[in-house]
Amino acid sequence: DINKSKAEKPVKIMIQGNVNSIAAEYAEITVTGNAGSIKTESGGISVNGAISGNAATMSGDIKCGGDIKGDASTMSGDISK
């Protein structure tokens, strides 16, 4: 997990390839491959491939190039494929 103060800008995390799971408090997360589960409290989620588990963010968009097999949730943002 990556923790940052709310006053600071979110960290940008880019994973080139696949990831089983990733969670962060304040981060923009991009995965070029497939993801298992992916979660951030504040920040967007972008996966070029499929998400086999859940995708969740409290504040941010979820973008997925493939199918989302689990649940996808955001309180303030859009979910798009």
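In this structure, OG1 on Thr74 lies 5.5 Å from CD1 on Ile62, to the nearest 0.5 angstrom.
Here Asp67 pairs with Lys81 under the salt bridge (Lys or Arg N to Asp or Glu O under 4.0 Å) rule; sequence neighbours left out. Lys69 pairs by the salt bridge (Lys or Arg N to Asp or Glu O under 4.0 Å) definition with nothing, not counting sequence neighbours. Not a single side chain to side chain donor-acceptor pair (under 3.5 Å) links Asn18 to another residue, sequence neighbours left out. The side chain to side chain contact (heavy atoms under 4.5 Å, CB included) check on Ser80 picks up Lys63, with sequence neighbours excluded. The side chain to side chain contact (heavy atoms under 4.5 Å, CB included) test applied to Ser73 returns Ala56, not counting sequence neighbours. Shown here are the side chain to side chain contact (heavy atoms under 4.5 Å, CB included) partners of Met75, two or more places apart in sequence or in another chain: Met58.
For the residue pair Ser59 and Ser76, the shortest heavy atom distance occurs at OG-OG, 3.6 Å.
A side-chain contact (heavy atoms from CB on, under 4.5 Å) with Val47 is found for exactly one of Ile38, Val19, Ile29, namely Ile38.
Here the side chains of Ile13 and Ile22 are in contact, with some heavy-atom distance below 4.5 Å.
Counting Ile, Leu, Val, Met, Phe, Trp and Tyr side chains that sit under 4.5 Å apart, directly or through other members, Met14 stands alone, with no cluster partners.
Under the side chain to side chain donor-acceptor pair (under 3.5 Å) criterion, no residue pair touches residues 43-58, with sequence neighbours excluded. Sequence neighbours left out, the pairs with a member in residues 30-58 that pass salt bridge (Lys or Arg N to Asp or Glu O under 4.0 Å) are Lys39-Glu41.
Remark: the backbone N or O of Asp78 is paired with a side-chain donor or acceptor of Asp61 at under 3.5 angstrom. Proximity of a side-chain donor or acceptor of Thr32 to a complementary backbone N or O of Gly17 within less than 3.5 Å is detected.
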